[in-house]
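First comes the structure, then the notes that go with it.
Numbers here simply count residues along the sequence, with the first being 1. Indexing begins at 1, ligand by ligand and atom by atom, following the structure's order.
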Amino acid sequence: MNRQIWLLTGGAGYIGAHVAAAMRRADREVLVVDDLSTGDPARVPADVELVAASVLDTTELADVMKSHRIAGVIHLAAKKAVAESVDRPLHYYQQNVHGTASVLQAMSIAGVRRLVLSSSAAVYGVPPPGPVTESTPTTPINPYGVTKLICEWLVRDAASSLGLSWIGLRYFNVAGAGDPSLGDPGVANLMQLTLQALSRGSRPQVYGRGHDTQDGSCVRDYVHVADLADAHLAAVDHLHSRDTTRAVYNVGCGRGYSVLEVLAAAQRVTGIRRPYEVVAARPVDPPSVVADPARIRADLGWSARYDLDAMVRSAWDAWQYAHTPALTAR
Ligand code: WQD
C-alpha cells in the first residue's frame, strides 16, 4: 500500500526544515511546498520532494494533493517578523490569512482532512502575569499576531463544514538549531543578535531594565527548534490516531529566562565576554511571556528536552557554520 504523505508548506524555512528532518527521522513521508521567497532548497532533506510553489496558488496546491496520497497538511508557510508586519500589514494579511484560506480551499478540493497549523504566542499580546494557558485571553498587539489569530479562527470555522481534524501549535520563542546546516531563524531575535554582537566584538543590547521582572529585563519562554519540530510529529501522530481533534496547544518549556540570563548563557557558551549595553525599551514589550505546557504534555505526550545552554550552543554552532570568516575577526 502506498505510504501516506504529509504535505509541509514552508518546509524550506528554518522551522520547516527541522520539521521535515524530524518527520524523516521518524520514517514519516513528507512532501515540501515552498515558494522559496525566504526558504533555502538546500535545507530540504535529499529524500524529500520539493515543489516550488506559493500557498496562494490554490489550484497548484490542490493538484499536488490530488496527485499524491496526502494524509494531511502541516501549514508553516507564513511571514513571521513582527516589526515587518507593522510596516507591511497588508502583505502579512495576504500571505498569512489569504495563504491559510487557500490551503483550506485546496484541502477541500482534494478531500484532505487533517491539518497542523503553525500559530504563535503572539496571539496573547501582553498576557496577564503568570503562566500562559490556552485559555489566556487572545489580545494580539501587532499585525503579525492578529494574522495568526485570524488563521486559527479560519481553521476553526472551516473545520465543521470541511470535516477537518486539526491542531494549532502556538509557538513560544523558538531558538537554537538542529543540524547547523539547517540554518538560523533568519529574523533579528534576541539570541541571534546577541551572538552576532559577541562574534563581532560589539556590546549585546538589553532593551530596557525597568520591566516588572526579577532583574528588570524581559522574560520569555525559549523552546529549542528541535523540540518544536518534535511537537509537530506528536501532532501528526495524534491526528492519525484520532478522528475528530480540534485544539490549540502552547509549545513552550514552561520555564522563562530573562534577557540577562540569555546574555550570561551566551557568554558562558561562547567564552566571549562583553559588557552589555542597556538601551531604550521597545514601545510595547510584554515583561513576561511564559507557557503553561500542561495541555500538550497531557494530550500529545510532548515536553521540551533542551535547556537554555543547549539552545545557545546549537545556535552558536549554526552561527559559526554560517559565518566562519567572522571567527577570524573575533
Ligand atoms: C525577546 C526579548 C526583547 C533583542 C517573538 C519572536 C518573534 C515572534 C513574536 C513568531 C524581548 C529583548 C531582543 C535584543 C533585547 N514569534 N531583546 N535585546 O519580541 O518575544 O518576539 O515572538 O512566532 O519571531 O522573536 O522575541 O527575540 O525579538 O526578543 O533585550 O538585542 O528580548 O525586547 O523582550 P519577542 P525577541
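Near V259, the atoms of ligand 1 lying under 4.0 angstrom from a non-hydrogen atom of the residue are 12 (C), 30 (O), 32 (O). Near S120, meaning under 4.0 Å from any of its heavy atoms, are these atoms of ligand 1: 10 (C), 23 (O). Heavy-atom proximity to C218, at under 4.0 Å, picks out these atoms of ligand 1: 34 (O). Atom numbering of ligand 1 starts at 1 in the shown order; those under 4.0 Å from a heavy atom of D285 are 3 (C), 11 (C), 33 (O), 34 (O). If you number the atoms of ligand 1 from 1 as listed, the ones under 4.0 Å from a heavy atom of Q205 come out as 14 (C), 15 (C), 18 (N), 30 (O), 31 (O). Close contacts between ligand 1 and V206 involve ligand atoms 30 (O) [criterion: under 4.0 Å to a heavy atom].
Minimum heavy-atom separation, K148 to S118: NZ-O, 3.0 Å.
Not a single side chain to side chain donor-acceptor pair (under 3.5 Å) links D292 to another residue, sequence neighbours left out.
Under 4.0 Å from ligand 1, not a single heavy atom of Y171 appears. With a 4.0 Å cut-off on non-hydrogen atoms, L193 touches ligand 1 through its side chain and not its backbone. Within the 4.0 Å heavy-atom criterion, the part of N173 lying near ligand 1 is the side chain and not the backbone. Here R282 has side-chain heavy atoms under 4.0 Å from ligand 1, and that is the only part of it that gets that close. Counting heavy atoms closer than 4.0 Å to ligand 1, residue V82 contributes side-chain atoms (C-beta onward) but none from N, CA, C or O.
Taking the charged nitrogens against the carboxylate oxygens, R255 and D307 have no contact shorter than 4.0 Å, which rules out a salt bridge.
The closest side-chain heavy-atom distance from V259 to Y276 is not below 4.5 Å.
E60 contributes no side-chain N or O that, together with a main-chain N or O of S54, makes up a donor-acceptor pair within less than 3.5 Å. Panel note: side chain D221, backbone G254; a donor-acceptor pair is recorded below 3.5 Å.
At under 3.5 Å, not a single nitrogen or oxygen of N189, backbone or side chain, sits near a nitrogen or oxygen of ligand 1. Polar contact with ligand 1: absent for S119 (N/O pair, distance under 3.5 Å). Below 3.5 Å of separation, one finds an N or O of L190 facing an N or O of ligand 1.
Ring orientation note: the planes of Y257 and Y222 are tilted relative to one another, at an angle of 30° to 60°.
For Y124, the closest heavy-atom approach to ligand 1 does not fall below 4.0 Å.
Of the candidates Y207, Y276, Y144, Y222, Y144 brings a heavy atom nearest to atom 10 (C) of ligand 1.
By the 6.0 Å contact criterion, CD on Q94 is enclosed, its count of non-hydrogen atoms from other residues, nucleotides or ligands being greater than 12.
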Stepwise, does the side chain to side chain donor-acceptor pair (under 3.5 Å) test hold for Y144 with E84? CA-CA 8 Å; Y144 166 73; E84 185 187 41; over 6 Å; no
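Just one of E29, R28, H68, R114 meets the side chain to side chain contact (heavy atoms under 4.5 Å, CB included) condition when paired with W6; it is R114.
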